[in-house]
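First comes the structure, then the notes that go with it.
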Number of protein chains: 2
Amino acid sequence: MTVLQRETGRRVLFREIRANGPVARIDLAARSGLSRATVTGLTADLLRAGLIEEVARDGGDAAPARGRPRVDLKIRGAARLVAGLRIGTDSLSLVLLDFGGARLAELEQPMTGEALTAEALAKRIAAALETLAQRAGRAVGEISGLGVAVAGVVDAVRGLVHWSPSLTGRNVEFAQILADHLGMPAFVDNDANLVALAESLFGLARGRSDFLVVTIESGVGLGLFIGGRPYRGTRGCGAEFGHVKVELDGAPCRCGQRGCLEAYVADYALAREAAALPAGAIPGAMDDPATAVLAAARDGNRAARRILDRAGQVFAMGLANLVNLFDPSLIILAGERMPLDHLYDDPVLERMQALTTRTDRPPPEIRVHKWGDLMWARGAGAFALDEVANIALAALDGTA
Amino acid sequence: MTVLQRETGRRVLFREIRANGPVARIDLAARSGLSRATVTGLTADLLRAGLIEEVARDGGDAAPARGRPRVDLKIRGAARLVAGLRIGTDSLSLVLLDFGGARLAELEQPMTGEALTAEALAKRIAAALETLAQRAGRAVGEISGLGVAVAGVVDAVRGLVHWSPSLTGRNVEFAQILADHLGMPAFVDNDANLVALAESLFGLARGRSDFLVVTIESGVGLGLFIGGRPYRGTRGCGAEFGHVKVELDGAPCRCGQRGCLEAYVADYALAREAAALPAGAIPGAMDDPATAVLAAARDGNRAARRILDRAGQVFAMGLANLVNLFDPSLIILAGERMPLDHLYDDPVLERMQALTTRTDRPPPEIRVHKWGDLMWARGAGAFALDEVANIALAALDGTA
DNA sequence: CGATTTAATTTGATTTCCAAATTAAAATCC
DNA sequence: GGATTTTAATTTGGAAATCAAATTAAATCG
């Protein structure tokens with residue numbers, strides 16, 4: 001324990017620096033409760049290890065300071081290199097990040113959509129990493145770790161994929177297999193959890209300890225942050241928001257059950273509703289029904305509007321239930337490409353408010369974050385950053 | 001911080017002792033990661049302060065030990081006296097507990113059911129405490145703190161009652177007012193949270209860090225434990241399980257909204273359903289409809305059965321959603337008087353399982369806990385115990 | 001009764017942290 | 001421009017806490 005004390009202190013300061021951007025030592029002391037002397041000592045360790053660096057204070061528009069100017073500390077980007085990978089249904093997307101989270105390169109590769117064995121996937125990933133590193137003029141060997149976001153049920157602590165649409169087999173030791181093939185540590189988690197982590201480390205929830213992120217793509221995901229850490233349930237797999245039940249014996253879901261939220265708001269749900277209408281009710285509904293519904297609704301088509309309205313209502317109800325249960329101060333609606341704008345419309349949010357307001361406390365802040373293509377991969381990269389930082393901090397203690 | 005270190009250690013050990021019953025020092029060392037030397041020192045502090053005591057090891061059926069026998073440590077019951085109070089709609093119930101959680105006395109007093117001012121309530125409580133202390137042959141002045149369980153929306157940290165059916169006015173500084181009137185610290189929280197705390201300290205969830213408790217009385221409540229602490233939401237008021245929405249534009253709830261879980265499973269929901277049936281469909285439904293429905297269902301009345309089945313289905317769906325979101329390892333269904341046995345029936349739990357099983361991981365353990373009349377008051381007492389222990393530990397540090 | 005075994009305590013050294021004093025780096029004053 | 005003021009960061013010296021190892025304590029076994 002005697003040794004763990006200093007390590008704990010270093011971890012606290014490292015987190016604080018990462019969460020609160022460039023920060024002066026004196027602020028760190030105030031925030032952490034440690035004395036200034038101790039902060040000097042601990043940050044000296046981190047500086048010596050090259051994990052953080054000093055930067056001249058960016059005065060900004062502030063008044064010219066009076067005494068000795070503060071020296072800000074921040075994460076040293078050059079300290080490590082990590083990669084983030086999202087295994088989607090029809091593509092692999094990757095980012096290369098520096099230790100500060102800055103994007104150095106990105107890559108997208110098409111996939112067949114079929115599930116692969118872990119080994120086959122590992123080979124594809126190895127090749128992709130090679131290309132990714134090349135684009136940034138770096139070598140794969142320089143990368144300290146790979147974060148992986150997969151859909152499905154994942155035990156992130158053990159790197160175990162219980163089930164995923166991307167993998168054949170069940171209960172695959174995916175993190176271990178990847179590490180063996182790639183020669184670097186790999187960290188696997190559910191994709192929605194990782195988006196939440198990214199929001200926490202360098203997104204809209206930076207420095208906040210309790211919030212939740214709803215991801216919307218073709219399915220609906222939920223990432224929870226409670227007490228400053230991702231909440232993963234007691235067996236490593238919670239927050240199946242998409243399969244929360246919103247109606248008894250409701251619409252069939254692709255998970256095999258009925259009445260799931262996803263069965264009302266996902267793209268295939270829109271397609272199902274469109275198919276139930278008389279032929280021709282929605283133009284173009286034959287080819288790509290989901291897109292056709294969205295387009296028709298924009299053009300004012302009544303039937304299409306009704307479909308989207310219903311999806312919005314169900315979504316509002318699901319969100320309201322999250323608020324009722326978690327009482328978060330912040331909800332982030334995160335989307336990648338977001339053709340599903342109708343779910344973020346004011347009427348939906350108003351309806352959600354109506355289903356929750358019971359007290360005079362202010363409603364939770366709701367922010368929409370349109371990440372762009374790399375949302376998932378960046379989330380995975382955030383995971384790698386976090387884990388690689390942990391490893392670096394632990395190693396530091398062994399040698400110091 | 002240097003002083004806080006020792007205090008932290010003492011807190012850790014105190015919690016460990018409370019959570020793991022009589023425990024030997026050597027086990028404490030193993031569990032806490034502290035050295036045996038440190039454990040000796042810290043427990044000596046606690047012993048000297050009279051917060052814990054040594055007890056001869058209860059060998060039980062174990063093999064006769066070989067070396068020096070372990071000396072178990074446990075919370076010293078005589079250390080403090082606390083009271084727990086539940087303010088219900090039609091009664092005040094109180095318990096007097098010793099520091100180990102043992103019940104010394106209890107008291108139940110009828111209430112008119114009307115909301116009172118905080119001051120009026122405080123006077124009634126003062127009188128009740130007098131009687132309660134008398135029953136145990138103690139004086140009110142000996143009581144170190146009072147825990148209070150109220151229905152409604154409570155900010156436990158600040159002792160603020162945003163709203164409660166028992167109190168007139170809003171945003172009442174109830175803890176402060178009670179402390180002023182009673183001459184002892186008072187701690188106020190939502191009643192379901194406190195039942196969860198009681199399960200954690202001396203109930204079915206003793207020593208477990210992540211679980212949830214569903215309370216069923218006339219309404220439905222939820223208490224969450226996450227990471228070893230009660231989860232209260234970011235503004236001190238989460239977990240409104242009773243008002244989770246289970247149907248779009250569903251049945252009206254007494255909260256003024258529609259489709260709340262409570263509007264399907266509470267006693268008044270049963271009454272509403274019964275009233276919608278043709279007269280005479282359920283015998284005795286005129287006088288006390290909820291009870292009549294329950295009785296008729298037991299006698300095999302079809303219509304009554306259907307009402308209860310529906311309530312059970314909705315309840316199963318609500319539970320399943322909790323499992324989907326929290327992935328708890330343990331769910332406790334806690335009831336006081338429990339005329340609502342139908343909600344605990346196997347078919348309901350099976351249905352719940354069916355709405356969640358998607359993986360090969362084992363389903364969460366579900367346990368039914370029929371506390372008896374004092375469930376709520378004991379929960380409040382548990383809160384007082386916890387807070388009084390915190391005060392004692394903090395004080396210990398000031399003087400040591 | 002001595003040997004053995006295991007638990008708990010004591011001892012001595014080390015680590016860690018903090019308060020106070022000191023040094024550092026700027027702006028302001030005269 | 002140099003002295004003064006102000007604030008930040010570091011150094012210093014001492015106090016506190018922890019741990020490993022040695023010692024003591026309390027039991028059983030042969």
Side-chain angles (χ1 to χ4, degrees), chain A residues 1-13 16-17 22-48 52-60 62-74 396-400, chain B residues 1-13 16-17 20 22-48 52-60 62-74 393 396-400:
Chain A
M1 272 298 265
T2 185
V3 165
L4 278 178
Q5 273 183 67
R6 219 174 58 244
E7 182 175 343
T8 303
R10 277 196 294 256
R11 277 181 199 282
V12 167
L13 293 188
E16 204 71 53
I17 293 169
V23 178
R25 278 170 255 249
I26 195 167
D27 288 331
L28 287 175
R31 283 173 171 281
S32 66
L34 296 164
S35 74
R36 283 172 298 175
T38 307
V39 169
T40 293
L42 293 175
T43 53
D45 289 352
L46 297 174
L47 281 166
R48 200 170 334 109
I52 63 174
E53 63 190 351
E54 296 189 331
V55 287
R57 168 141 272 230
D58 174 24
R66 186 109 158 80
R68 173 175 175 171
R70 302 174 171 208
V71 178
D72 278 337
L73 299 171
K74 72 174 190 54
L396 209 165
D397 199 73
T399 61
Chain B
M1 276 297 268
T2 184
V3 166
L4 279 178
Q5 270 180 67
R6 203 165 173 85
E7 182 174 344
T8 303
R10 278 196 293 255
R11 285 188 132 79
V12 166
L13 293 188
E16 204 71 54
I17 292 169
N20 299 90
V23 176
R25 278 170 255 250
I26 195 166
D27 288 331
L28 287 175
R31 283 174 172 282
S32 66
L34 297 163
S35 74
R36 283 172 297 172
T38 307
V39 170
T40 292
L42 294 175
T43 54
D45 290 352
L46 297 175
L47 281 166
R48 202 171 332 106
I52 62 173
E53 62 189 350
E54 296 189 330
V55 286
R57 170 142 271 230
D58 174 23
R66 187 109 156 77
R68 173 175 177 171
R70 299 171 172 210
V71 178
D72 278 337
L73 299 170
K74 71 175 192 51
L393 287 165
L396 209 165
D397 198 73
T399 63

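Naming: A, B, ... by sequence-line order, numbering from 1 per chain.
Atom CZ in A:Arg36 sits roughly 17 Å away from atom P in C:dA24 (whole-Å rounding). Atom C1' of nucleotide C:dT6 and atom CG of B:Leu28 are separated by 16 Å, given to the nearest angstrom. Distance B:Arg70 CZ to C:dT5 P: 16 Å, rounded to the nearest Å. One atom, CG of A:Asp27, and another, C1' of D:dA9, lie 13 Å apart when rounded to the nearest Å. Atom CG of A:Asp45 is separated from atom P of C:dC17 by 10 Å (rounded to the nearest Å). A straight line from CG of B:Leu34 to P of C:dT16 spans 15 Å, rounded to a whole angstrom. Residue A:Arg25 contributes atom CZ, which lies 13 Å from atom C1' of C:dA25 at whole-angstrom precision. Residue B:Leu42 contributes atom CG, which lies 13 Å from atom C1' of D:dA16 at whole-angstrom precision.
Remark: B:Arg68 pairs with no residue by the side chain to side chain contact (heavy atoms under 4.5 Å, CB included) rule, at least two apart or across chains. A:Arg11 is linked by a side chain to side chain donor-acceptor pair (under 3.5 Å) to A:Glu7, A:Asn390, counting only residues two or more places apart in sequence or in another chain.
When the nucleotides C:dA8, D:dA9, D:dA26 are ranked by their closest atom to the side chain of B:Pro69, D:dA26 comes out on top. The side chain of B:Thr38 sits closest to D:dT18 out of D:dT18, D:dT10, C:dA8.
Within 4.0 Å (heavy atoms only), B:Val71 reaches sugar-phosphate atoms of the nucleic acid but no base atom.
Closest heavy-atom contact between A:Arg10 and A:Asp45: NH1-OD2, 2.6 Å. When every heavy atom of A:Leu73 is checked against every heavy atom of A:Ile17, the shortest pair comes out as O-CG2, 3.7 Å. Of all heavy-atom pairs between B:Ala29 and B:Arg36, the closest is CB-CG, 3.8 Å.
We find the CG-CG distance between B:Leu47 and B:Leu42 to be 11.0 Å, quoted to the nearest 0.5 Å.
Sequence order on DNA chain C of the closest nucleotides to B:Ala24 and A:Ala37 puts B:Ala24 first from the 5' end. The nearest heavy atom of DNA chain D to A:Leu47 and to B:Val39 marks one nucleotide each, and the one closer to the 5' end goes with A:Leu47.
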Give me the distances for all protein-to-nucleotides 3-6 of chain D N/O pairs that come in under 3.5 Å?
none

Task: Stepwise side chain to side chain contact (heavy atoms under 4.5 Å, CB included) test for A:Leu46 and A:Leu396 - done: CA-CA 8 Å; A:Leu46 297 174; A:Leu396 209 165; 4.0 Å; yes
